[in-house]
Amino acid sequence: MTTPVVRCRVAPSPSGFLHIGTAKAALYNWLFARSHGGTFILRLEDTDAERTDEQYVHAMCEGFKWLGIEWDEGPEFGDEPEKGEYGPYRQSQRRDLYSREAARLVAEGKAYRCYCTKEELDAQRELAAKEKRPPRYSGKCRNLTEEEIAVKGDAPFAIRFRVPEGETLIDDIIQGPVRIKNKEYDDFIIVKSNGDAIFHLAVVVDDGLMKITHVIRGDDHLTNAGRHVMLFNALGYPLPQFAHHPLIHDEQGRKYSKRLHGANVLDWREDGYLPETMINYISLLGWTSEEEGKEFYTLEELKQLFTLKRLTKSPARFDRKKLDWLNGQHIRMLTVEGLCDRVLPLLRNAGFAVDEKPREWLIEMAAICQEKIPTLNQIVPYTDFFFVTPEGYDEKGERKFFRKENSLKALETALQCMNGLSEWTVESLKASYEQAAQEKELKIGALVNGTRLALTGKTVGPGLYELAKLLGREESIGRMQVAIEYVKTSGEESS
RNA sequence: GGCUCCAUGGUCAAGCGGUUAAGACACCGCCCUUUCACGGCGGUAACCCGGGUUCGAUUCCCGGUGGAGUCACCA
């Protein structure tokens, strides 16, 4: 007895971008392959030429690349050549295979030519809808004789699969056995009149020929699976194992619409989330490990632990709050250098002159924000004051720290502290502030928060001593003086 | 509408005939603290309904309800 090698695949149609749901399917396949020493294949389902575009192909692969999902076999992408022995990996390049297999089915009487026109069919469907009957193919061309076909001459025809009598069993790893009466299926078209294969034929031929052992995909394909099972049997291919996982729902509980922000996985990159967060979070949307209570997973852990047995049957809503939390966890796992590298482009983008700062300084800056920010993008409001002199002060902060009885005293005390320092360090600042607070009978908070407002214009941010240290002595003192002047003058006006 | 799938707190979820029904996020307190955040401690909050089966059902079966998916010469 030999254990068959695991071969699984993700087969997106490149019609836009990498959808979060496609990413989930890809991730599960990939993790499954990795945890079983199997092969993960990327196949592009671009049979419908009208709906594909090279830009879309690129955008989609970009999504995979960002997530770090790498395929063992797949089409050419960017500077990567096509990989694998079972190519080509684009359906548009496999037309001959489909025609050949379709012809075989026709020859064996398992499929037949249908001369009905699209218009005819549409009319029938409309009529059915009007009469509230389920829309079904009439079966008009099912039993055409040789003579009748001969009469048609070279009229265009589609090819329909002759659905057998009975019932089809989909023995699904996740859903369990699912039985569907064959009556529910029309004699569906497998080749269009223009000669192109329809999705159902293409997937089955590809899965068969590529020796796919496990078909893991969203359960929006569950009913399609019945058609596929029939096709596998008709073509004489061994049946793969099916695993239909639930879809990702939006926060309202619906299938995550393409139009929603976040449907594109790259939206999350845009919003400051780490790819490792997305991998972790998406994996959790329908899977749990044996180890109870653990939610934080690295990719390596997932590759080890992932099993189809632990997949959930019910759909999961996408929860932004939890994603934020998880992203914070992953940000904290980064090395400070790593965080710095990831954050630099964002700051540059915001127009800050980061390249004028020494690397060590930038790393320190990243370090004092690491525990604060839930998303990478938050680095901007947390550090903007380093690069831009604050214009004005937070309104609430002003009332709390500039307009109280002791405010001016606190600011002046803080300035004295700064002036009195022989060295400009976190420790010296801290010591000096603490001592002054005691001597002047000021709350340390008043001292610190007033200073924060003066230096940053805000009430929230990194630790004050750390931030002041990085801002530098001269700049800090300058900003204190400006603030003191501001409090004095505007205070006079208002009273 | 037909068919199919699903159903434990607001959300994600353990559970697999007998449990005080885990845990995480969110929320609310408290602690820590220079703010925010992190961290720590504690709290509110759930088995959709009705029938069976059983000594006993969140758990098994049936029905209902609710939600979702799918019904193309799209994939």
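Worth saying up front: this structure is predicted, and the values here are computed from it rather than measured. So you know, we letter chains A, B, ... as the sequences are listed, proteins then strands, and number each from 1.
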Quick one: is the NZ or CZ of A/Lys294 closer than 6.0 Å to the six-membered ring centre of A/Tyr297, and within 45° of its axis?
-> yes
Heavy atoms under 4.0 Å, any strand shown: does A/Gln329 hit a base, just sugar-phosphate, or nothing?
-> sugar-phosphate
Look at the side chain of A/Glu184 and the base of B/G2, then say whether one donor and one acceptor between them are separated by less than 3.5 Å.
-> no
Rounded off to whole Å, could you give me the CD-to-P distance for the A/Glu251 and B/C25 pair?
-> 17 Å
Out of B/C73, B/A26, B/C6, whichever nucleotide has its closest atom nearest the side chain of A/Gln175 | B/C6
Cation-aromatic face contact A/Arg227/A/Phe188, 6.0 Å, 45 degrees = yes
Distance below 4.0 Å between A/Gln124 side-chain N/O and B/A72 OP1 or OP2 | no
Within the structure shown, what part of the strands sits under 4.0 Å from A/Phe318 by heavy-atom distance: base, sugar-phosphate, or nothing?
-> nothing
Taking the C1' atom of each, how far is B/C3 from B/C25, in whole Å?
-> 36 Å
Under 4.0 Å between any heavy atoms, over every strand shown, what does A/Ser193 touch: base, sugar-phosphate, or nothing? Just pick one.
-> base
Sugar-phosphate, base or nothing in reach of A/Thr451, heavy atoms under 4.0 Å | nothing
Any protein N or O atoms within reach of nucleotides 59-69 of chain B? Criterion: under 3.5 Å, listing atom names and distances.
unit_1 : atom_1 : unit_2   : atom_2 : d
B/A68  : OP1    : A/Arg254 : NE     : 2.9
B/A68  : OP1    : A/Arg254 : NH2    : 2.9
B/A68  : O2'    : A/His249 : NE2    : 3.3
B/G69  : OP1    : A/Lys255 : N      : 3.3

P atom, B/G10 versus B/C27: distance in rounded Å?
-> 16 Å
So what does A/Lys321 hit on the nucleic acid, given a heavy-atom distance under 4.0 Å: a base, only sugar-phosphate, or nothing?
-> sugar-phosphate
Same-atom distance (P) from B/U8 to B/C60, integer angstrom | 13 Å
Between A/Thr459 and B/U35, does any side-chain N or O lie under 4.0 Å from OP1 or OP2?
-> no
Any donor-acceptor N/O pair under 3.5 Å between B/C36 base and A/Lys372 side chain = yes
Distance in angstrom units between A/Ile282 CD1 and B/C25 P, rounded = 20 Å
Any A/Arg125 side-chain N or O less than 4.0 Å from OP1/OP2 of B/C73 = yes
Given B/A75, is OP1 or OP2 found less than 4.0 Å from the side-chain N or O atoms of A/Arg227?
-> no
Positive for salt bridge (charged side-chain N to carboxylate O under 4.0 Å, His left out) with A/Asp187, one of A/Arg113, A/Lys110, A/Arg142 | A/Arg142
Report yes or no: is the cationic atom of A/Arg43 (NZ for Lys, CZ for Arg) closer than 6.0 Å to the six-membered ring centre of A/Tyr89, at no more than 45° off its axis?
-> no
Name the nucleic acid region contacted by A/Pro374, choosing base, sugar-phosphate or nothing; use a 4.0 angstrom heavy-atom cut-off, strictly under.
-> nothing
Round to a whole Å and report the spacing from CZ of A/Phe188 to P of B/C3.
-> 20 Å
Rounded C1' spacing from B/U19 to B/U59 in Å = 12 Å
Could you check how far NZ of A/Lys443 sits from P of B/U35, rounded to whole Å?
-> 11 Å
Start with the C-alpha distance between A/Leu323 and A/Tyr273, add both sets of side-chain angles, then the distance that settles side-chain contact (heavy atoms from CB on, under 4.5 Å), and finish with yes or no.
-> CA-CA 9 Å; A/Leu323 181 69; A/Tyr273 294 85; 3.7 Å; yes
Whole-Å P distance, B/U33 and B/G23 = 28 Å
